[in-house]
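Working notes for the structure below.
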Amino acid sequence: ATEAPAPPTPQAAAPAPSYRVDAPATPPAGPAAAGDNRYNELGKLFAEFMDKGFQIYSGGQRSQAPVDICITGASLGLPGVDGVFSDSNVDRMLRGDVFIKPIPMNLRRQMVEKNITRLVKTEGGEGRFESIESTADVIKLAARAKEFDLVRDFGFPEDRLPALDRVTKLAIGAGIDALRDAGIPLVMRYKTTTKGTYLPDRWQLPDEIRDDTGILFTSAFPGYDSYAQIISGFYEDRARRERLEELNRLYAVACRAGTGNGISEEIERRMSELRLEIENNTYKFDRRFLFRVLSMGHSQFAEYIGARGPNTATNGACASGTQAVALAGDWIRTGRCRRVIVVSADDITSDNLMGWFGSGFLASGSAATGEIVEEEATPFDRRRHGLIIGMGASAVVLESMEAARERGVRPICQVLGSVIANSAYHGTRLDVSHIRHVMEKLVSNVEADYGLNRYQIAPETVFVSHETYTPARGGKSP
């Protein structure tokens with residue numbers, strides 16, 4: 001007989017986060033006297049003088065070296081790809097694979113049914129309104145996701161799946177894939193039974209990195225797919241019941257008329273079919289409603305992997321991912337954590353949302369309505385006249401360079417600088433002058449921090465521009 005292996009030794013309690021500060025030994029002093037305030041102001045003035053002097057002496061560099069931040073892992077989910085995620089997705093993007101396809105006719109009809117009045121923009125900036133009355137006038141192209149199975153492809157617990165929105169599922173898949181790319185393992189945790197034995201519980205981050213790993217979930221449309229599905233289910237059920245009541249009344253009238261022309265039999269047949277349909281599709285309120293419709297991807301992913309660092313969600317519309325990377329860098333620089341997993345996803349081309357958001361982009365005048373991809377996907381062309389909506393998911397693992405060295409991994413790249421601002425200008429237009437000044441500030445700061453020269457790095461620099469395919473009236477595109 002073989003001896004059973006000894007149960008695992010219980011894990012020691014995780015150390016307190018490195019950013020936690022103990023309470024001061026003595027209570028803080030009361031308000032300073034007027035004389036003390038004067039000396040404090042003089043001290044600040046002297047400190048500013050010394051800092052400015054150091055910048056001049058060091059050729060413009062700042063007195064405090066910035067915390068170096070790098071990206072150690074990344075993942076990408078694309079439309080039109082089996083399973084959404086694939087190790088070859090980056091190659092697909094770089095070689096210019098097309099993920100835009102015609103959308104089904106039933107989704108086109110959903111847009112027509114919305115009774116849309118569309119804003120049509122001209123090259124000169126003028127606009128006019130047109131009513132959409134046929135499928136010839138609606139969106140015909142989109143980048144839509146293929147089948148995605150978080151349980152099958154990523155081993156996610158099936159019993160947790162009903163509490164997740166579609167976007168959250170995509171973001172969690174991206175996060176798991178980015179952890180793998182970063183070389184961050186998930187280890188098995190054990191739970192103690194009432195008899196003192198151990199049973200496997202779930203896979204989570206190692207103890208030594210749980211408290212200094214943050215999660216930042218970013219999405220422009222979180223929870224909307226579930227919300228649309230739940231609301232539609234309720235009103236479809238109510239509509240079936242109202243139809244059944246109406247048929248009941250008609251059946252009573254037909255029976256009283258006694259015409260003998262088969263009308264009552266036909267009504268009875270339809271009532272029978274409708275009762276069966278109601279029985280098979282009875283609406284029941286989902287007790288997980290709040291978990292599905294709220295923006296909770298950050299907390300749900302953190303719970304799954306056991307990350308106990310900073311945790312929040314953001315929405316910066318089309319700039320959500322870029323903004324999240326900047327915020328994650330701020331967390332690391334200020335000592336709130338040593339690494340952040342930024343997970344991001346959106347899918348407004350799903351069966352539940354295409355009719356609504358397609359109509360929204362149509363009404364605003366920002367959607368292309370043609371059927372030939374080569375004529376519609378022209379973001380840097382003066383012929384551009386609208387965007388093509390789609391879906392996608394991504395994740396990046398940001399770490400301090402020191403944390404990456406401790407893990408013995410080679411970073412993918414270094415994040416030299418970031419800036420977060422808004423122009424307080426317009427919801428869909430660009431304040432070109434303000435954007436230029438913000439870009440100048442970002443580049444100047446990076447030059448000062450790292451001793452770079454924009455003219456020297458320009459030949460090897462790639463500028464990734466966000467374009468909405470709207471009419472060519474200036475902006476970020478040439």
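Keep in mind that the numbers below use all heavy atoms, side chains included, and drop hydrogens, waters and symmetry copies.
Residues Arg436 and Glu440 are not paired through a salt bridge, judged by the lack of any N-O separation under 4.0 Å between the basic side chain and the carboxylate. The pair Asp211-Arg308 meets the salt-bridge criterion, since a charged nitrogen lies less than 4.0 angstrom from a carboxylate oxygen. Between Glu371 and Arg108 there is a salt bridge, with a side-chain nitrogen of the basic residue lying less than 4.0 Å from a carboxylate oxygen of the acidic one. The pair Arg454-Glu447 meets the salt-bridge criterion, since a charged nitrogen lies less than 4.0 angstrom from a carboxylate oxygen. Under a 4.0 Å N-O distance rule, the pair Arg180/Asp177 qualifies as a salt bridge. Under the 4.0 Å criterion applied to side-chain N and carboxylate O atoms, Lys284 and Asp286 are not assigned as salt-bridge partners.
Within the 4.5 Å cutoff, side-chain heavy atoms of Ile209 are placed close to those of Arg339. Taking the side chain as every heavy atom from C-beta outward, Leu170 and Thr168 never approach each other to under 4.5 Å. Put simply, the side chain of Cys70 does not reach to within 4.5 Å of the side chain of Val415, judged on heavy atoms. Within the 4.5 Å cutoff, the side chain of Met271 has heavy atoms near those of the Tyr251 side chain. Within the 4.5 Å cutoff, no side-chain heavy atoms of Val340 are placed close to those of Ile215. Counting heavy atoms from C-beta outward, Leu216 and Trp331 have side chains that approach closer than 4.5 Å. Inter-residue side-chain proximity for Pro79 and Arg144 is flagged as unmet; no heavy-atom pair is nearer than 4.5 Å.
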Are Arg152 and Glu147 close enough, and set up right, to give a salt bridge (charged side-chain N to carboxylate O under 4.0 Å, His left out), and what steps lead you there? CA-CA 11 Å; Arg152 179 196 65 201; Glu147 180 192 8; 3.4 Å; yes
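When only modelled atom types and interatomic distance are considered, Arg160 and Gln300 share no side-chain donor-acceptor pair under 3.5 Å. Checking Arg92 against Asn89 by side-chain atom types alone, a donor-acceptor pair falls below 3.5 Å. One side chain, Thr314 or Thr218, offers a donor N or O that lies under 3.5 Å from an acceptor on the other. Side chains of Asp347 and Thr349: a donor on one and an acceptor on the other come within 3.5 Å.
Scanning both residues, Ile103 and Ile139, for their nearest heavy atoms gives CD1-O, 3.2 Å.
Note: Phe217 and His298 have parallel aromatic rings, judged against thresholds of 30 and 60 degrees for the angle between ring planes. Classification of the Tyr283-Phe234 ring pair by plane angle, with boundaries at 30° and 60°, yields perpendicular.
Atoms CE and OG, on Met111 and Ser359 in that order, are 6.0 Å from each other to the nearest 0.5 Å.
Proximity of the aromatic rings of Tyr224 and Phe357 is defined here by a centroid distance below 6.0 angstrom, and this criterion is met. Taking the six-membered ring where the residue is Trp, the centroids of Phe154 and Phe85 are separated by under 6.0 Å.
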